[in-house]
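Structure record follows, encoded as structure tokens.
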Amino acid sequence: MTTPPPTPPPAPPLRRTAEHTADLRAPADRAFRLIADVTRWPLLFPPCVAADVLESDLDSERIRLWAVVGEEVRSWTSLRTLDRERLRIDFRQETPSPPVTWMGGHWEFARGADGESTTRLVLGHEWATAGAPEQSELIARALDGNSGQEIGAVRSWAEGPEPLEELVFSFEDRVEVAGPPEAVYDVLYRADLWPDRLPHVAAVELDTAAATPVTGGAEVQWLTMDTRADDGSEHRTRSVRLCFPHRRIVYKQTTPPAGLLGHSGEWILRPHGAGTAVTAVHRVALDAAALPRLFGPEPDLAAVRARVRAALGGNSLRTLEWARSFVADASAAASGASR
């Protein structure tokens, strides 16, 4: 009897590459800094929902990103190496999400011929997928769309007339609540109940998707909200929220208010004594082109930042103050019922 030949091992997945380039009318150092600081990515890049720096030293870091890919939110961790002399950043996904089995790439910022005012930007990707070739084509199309948006954002910010530090800022407010984190979290999580509970919220539409490994363990909420301003006008915003039970809710407004290019933030809950300390964090990118129409010619950026802080911080503080009262009343009612 003839022994059949052994089955050959499966062929290794074929790696594909793609490269997107652009010429910028901006110094290479300025463009490099936009990519080097990932904490600003949710404000600068439309697909990016959130970015956390998990580990960092002088020239390398480990980060976790959440981004809208197609019609869903995906999360991954990446390892990055930053070469500030060559103005190059190399990255590799630590554990790619299926069907991707490998994903890496690089950002390069080559100084122009004059050495100062122009930059040749290169964004390269290399990837492999498991399964049918169609899977790799889907990844290629998603990368093409996201890379175009990212390069467009780098161009817009790098070539902008105002320094980034004048237009991008953050702030936070903190409130202590006499109740456990679970109770406080439920109030912030149940945004569908806000129109009946919060006077500045006129209407809410909320869709929630369960947490999965693809979402990095976050429940994903898509929130559309109509908010009443002090003058009685209503403004509609749309947001993506990443919910981590009893600890944290991270959000990004995909349709920010007028005058803003970006607004992201988070609610952070920590046990504090017998209660909970809640911190509302806001990160904001002003829309320089829209400011003269909203605030008059040659607006004072410091004054604009103060007005934006008052408006955004006021809304979140009203929510936190209401949450404090709601949780305190619920705790008192439960205590009275147990007597």
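Worth knowing before you read on, the calculation uses all heavy atoms, side chains too, and leaves out hydrogens, waters and symmetry mates.
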Using the salt bridge (Lys or Arg N to Asp or Glu O under 4.0 Å) rule, take R174 and E176 through it: C-alpha gap first, then chi angles, then the decisive distance, then the call.
-> CA-CA 7 Å; R174 184 174 182 270; E176 294 182 10; 3.2 Å; yes
Do I35 and W41 touch side chain to side chain, with heavy atoms closer than 4.5 Å?
-> yes
Rounding to 0.5 Å, atoms CZ (R241) and CD (Q221) come to a distance of 4.5 Å
Determine yes or no for a side-chain-to-main-chain donor-acceptor pair under 3.5 angstrom, with K252 supplying the side chain and S239 the backbone.
-> no
Hey, is R40 close enough to D37 for a salt bridge, meaning N to O under 4.0 Å?
-> yes
E321/R324 salt bridge by N-O under 4.0 Å criterion | yes
Does the side-chain hydrogen bond (donor to acceptor under 3.5 Å, both in side chains) test come out yes or no for R64 and S75, once each step is laid out?
-> CA-CA 7 Å; R64 175 171 282 281; S75 180; 2.6 Å; yes
Salt-bridge test for R111 and D29: reply yes if a basic N is under 4.0 Å from a carboxylate O, no otherwise.
-> yes
V122 versus H106: any side-chain heavy-atom pair under 4.5 Å?
-> yes
Assess the pair F91 and H125: is the distance between their ring centroids shorter than 6.0 Å?
-> yes
Kindly write out the residues that satisfy side chain to side chain donor-acceptor pair (under 3.5 Å) with D90, not counting sequence neighbours, or none if the list is empty.
-> R88
Salt bridge present between D287 and R293 (N-O < 4.0 angstrom) | no
Look at the side chain of T215 and the backbone N and O of A211, then say whether any donor-acceptor pair between them is shorter than 3.5 Å.
-> no
So, do F169 and H282 have ring centers that fall under 6.0 Å from each other?
-> no
Indicate yes or no: at least one non-hydrogen side-chain atom of L121 is less than 4.5 angstrom from one of W107.
-> yes
Can we say E166 and R305 salt-bridge, meaning some charged N sits less than 4.0 Å from an Asp/Glu carboxylate O?
-> yes
Find the distance between CD (E108) and CZ (R120) and round it off to the nearest 0.5 Å.
-> 10.5 Å
Please examine the side chains of V308 and L286, heavy atoms only from C-beta on, and report whether any two atoms are closer than 4.5 Å.
-> yes
From the list I268, T319, V177, side-chain contact (heavy atoms from CB on, under 4.5 Å) with V278 holds only for V177
Scan side-chain atoms only and decide if E219 and Y189 contain a donor-acceptor pair under the 3.5 Å cut-off.
-> yes
Going by distance alone, is a donor N or O of one side chain under 3.5 Å from an acceptor N or O of the other, for T77 and E94?
-> yes
Could you tell me whether a side-chain N or O of T276 sits under 3.5 Å from a main-chain N or O of G179, the two making a donor and an acceptor?
-> yes
Sidechain-backbone polar pair: S316 side chain, G313 backbone, donor-acceptor under 3.5 Å | yes
Do R248 and D52 meet the salt-bridge criterion of a basic N to acidic O distance under 4.0 Å?
-> yes
When rounded to the nearest 0.5 angstrom, what distance separates CG in L294 from CG in L260?
-> 9.0 Å
Check which hydrophobic residues are tied to V220 through side-chain heavy-atom contacts below 4.5 Å, counting indirect links as well, and list them.
-> V49, W66, V68, V73, W222, V240, L242, F244, V250
Above 12 or not: heavy atoms from other molecules or residues under 6.0 Å from CZ of R270?
-> no
Correct closest heavy-atom pair for L43 and H263 would be CD2-N, 3.7 Å
Evaluate whether atom CZ of R307 has more than 12 neighbouring non-hydrogen atoms of other residues, nucleotides or ligands under 6.0 angstrom away.
-> no
With side chains defined as the heavy atoms from C-beta onward, is the minimum distance between L320 and W322 less than 4.5 Å?
-> no
Answer yes or no: is there a donor N or O on one side and an acceptor on the other, between the side chain of T17 and the main chain of E126, under 3.5 Å?
-> no
Mark yes when over 12 heavy atoms from residues, nucleotides or ligands other than R318 sit less than 6.0 Å from its CZ; otherwise mark no.
-> yes
With a 4.5 Å limit on heavy-atom distance, are the side chains of L223 and V204 in contact?
-> yes
Could you tell me whether a side-chain N or O of R228 sits under 3.5 Å from a main-chain N or O of H235, the two making a donor and an acceptor?
-> no
Taken in chain and number order and not counting sequence neighbours, the residues that satisfy side-chain contact (heavy atoms from CB on, under 4.5 Å) with D186 are R190
Between E72 and R74, is the closest basic N to carboxylate O distance under 4.0 Å?
-> yes
Got F171 and V281 here, is their nearest side-chain heavy-atom distance under 4.5 Å?
-> no
Does R238 offer a backbone N or O that forms a donor-acceptor pair with the side chain of T254 under 3.5 Å?
-> yes
T101 (side chain) donor-acceptor with A128 (main chain) under 3.5 angstrom = yes
Considering only heavy atoms from C-beta outward, does the side chain of R283 approach that of E266 to under 4.5 Å?
-> yes
Heavy-atom closest pair (V168 atom, A285 atom, distance to 0.1 Å) is CG2-CB, 4.1 Å
